[in-house]
Amino acid sequence: MSVEQTLVLIKPDGLKKSLTGNILTRLSETRLEIAGARIVRVTRELAEEHYVALKDQPFFQGLIAYIMGELHERRKVMALVYHGEDAIKKVREICGATNPEEADPLTIRGGYGRITTSGIYENAIHASANLEEAEREIKLWFYPDELVYHIYSVQETELKDVKRLVWA
Ligand code: IDP
Ligand code: MG
């Protein structure tokens with residue numbers, strides 16, 4: 001066992017159904033720590049990059065619409081990084097199987113997921129499946145300074161001509 005980090009997304013259906021508190025409570029059973037958290041408006045670019053491995057699947061466009069919040073009038077997700085021993089497996093176990101009908105009813109997806117008539121699995125939560133995916137996903141959704149613990153190496157760099165919003 002080693003210290004790992006894993007990316008969790010509370011998907012738009014989870015937010016629309018007001019499940020954030022319930023899902024965070026379930027995840028706290030793992031005794032892992034939250035190393036970072038943000039509410040994110042998901043662009044098409046981010047959605048397609050996140051699910052790039054599924055781009056040839058027939059449900060890909062529906063999946064992109066789902067994670068962008070287009071099916072739930074909730075154009076945001078909650079992104080979290082959980083940190084600790086065996087984090088990836090612990091979180092996946094409590095999430096349950098991808099297909100909510102096959103997921104153990106005591107898991108998050110078993111309890112809160114559903115299959116829509118269009119065939120998309122609305123399963124309330126995403127969790128990284130393995131070490132490689134976790135690293136790729138965490139680096140996609142978070143900058144290092146948004147995490148309180150670093151398990152991947154970081155470097156300092158000076159950015160020139162970077163535009164960002166500041167308080168007016
Ligand atoms: P995972 O979320 O359990 O890792 P993936 O195979 O990576 O499962 O699929 C990503 C997401 O795409 C799933 O969580 C689910 O929302 C959706 N999905 C996966 N397979 C199907 C399918 O066969 N039909 C409809 N939606 C699917
Ligand atoms: Mg996956």
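What's counted below: heavy atoms across the whole structure, side chains too, no hydrogens, waters or symmetry copies. From a predicted model like this one, the values you see are computed outputs, not experimental measurements. Indexing begins at 1, ligand by ligand and atom by atom, following the structure's order.
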| Nearest to atom 2 (O) of ligand 1 by heavy atom, His126, Lys11, Arg109: which? | Arg109
| Of the protein's non-hydrogen atoms, which lies at the shortest distance from atom 12 (O) of ligand 1, and what is that distance? | Leu63 CD1, 3.3 Å
| Hey, is CD on Glu101 packed in by over 12 heavy atoms from elsewhere, all under 6.0 Å? | no
| request: Please say whether Tyr121 places an N or O atom under 3.5 Å from an N or O atom belonging to ligand 1. | output: yes
| query | Can a cation-pi geometry be assigned to Lys17 and Tyr112, taking NZ or CZ under 6.0 Å from the six-membered ring centre and within 45° of the ring axis? | reply | no
| said: Using heavy atoms and a 4.0 Å limit, tell me yes or no: is Ala129 in contact with ligand 1? | reply: no
| note | Here the atoms of ligand 1 under 4.0 Å from any heavy atom belonging to Tyr51 are 10 (C)
| said: Quick check on Lys16: does its NZ atom have over 12 non-hydrogen neighbours (other residues, nucleotides or ligands) under 6.0 Å away? | reply: yes
| Can you check whether Thr98 has an N/O within less than 3.5 Å of an N/O in ligand 1? | yes
| task | Consider ligand 1: state whether an atom of it lies below 4.0 angstrom from any non-hydrogen atom of Arg92. | result | yes
| query | Any salt bridge between Lys55 and Glu48, counting N to O under 4.0 Å? | reply | no
| query | Does the pair Arg136 and Glu132 meet the rule for a salt bridge (charged side-chain N to carboxylate O under 4.0 Å, His left out), with working shown? | reply | CA-CA 6 Å; Arg136 191 186 80 84; Glu132 194 185 8; over 6 Å; no
| field | Subset of ligand 1 atoms that lie under 4.0 Å from at least one heavy atom of Asn123 | value | 13 (C), 14 (O), 15 (C), 16 (O)
| query | Which protein non-hydrogen atom lies closest to atom 25 (C) of ligand 1, naming both residue and atom, and how far is it? | reply | Gly119 O, 3.1 Å
| said: Between Arg44 and Glu70, does any side-chain N to carboxylate O distance fall below 4.0 Å? | reply: yes
| request: Report the nearest protein non-hydrogen atom to atom 18 (N) of ligand 1: residue, atom name, distance rounded to 0.1 Å. | output: Phe59 CE1, 3.5 Å
| task | Among all protein heavy atoms, pick out the one at the shortest distance from atom 7 (O) of ligand 1; state its residue, atom name and that distance to 0.1 Å. | result | Leu54 CD1, 4.0 Å
| request: Check the angle between the aromatic planes of Tyr66 and His72 and answer parallel, tilted or perpendicular using the 30° and 60° thresholds. | output: tilted
| remark: Tested for side chain to side chain contact (heavy atoms under 4.5 Å, CB included) against Ile10, the lone hit among Leu19, Leu80, Val77 is Leu80
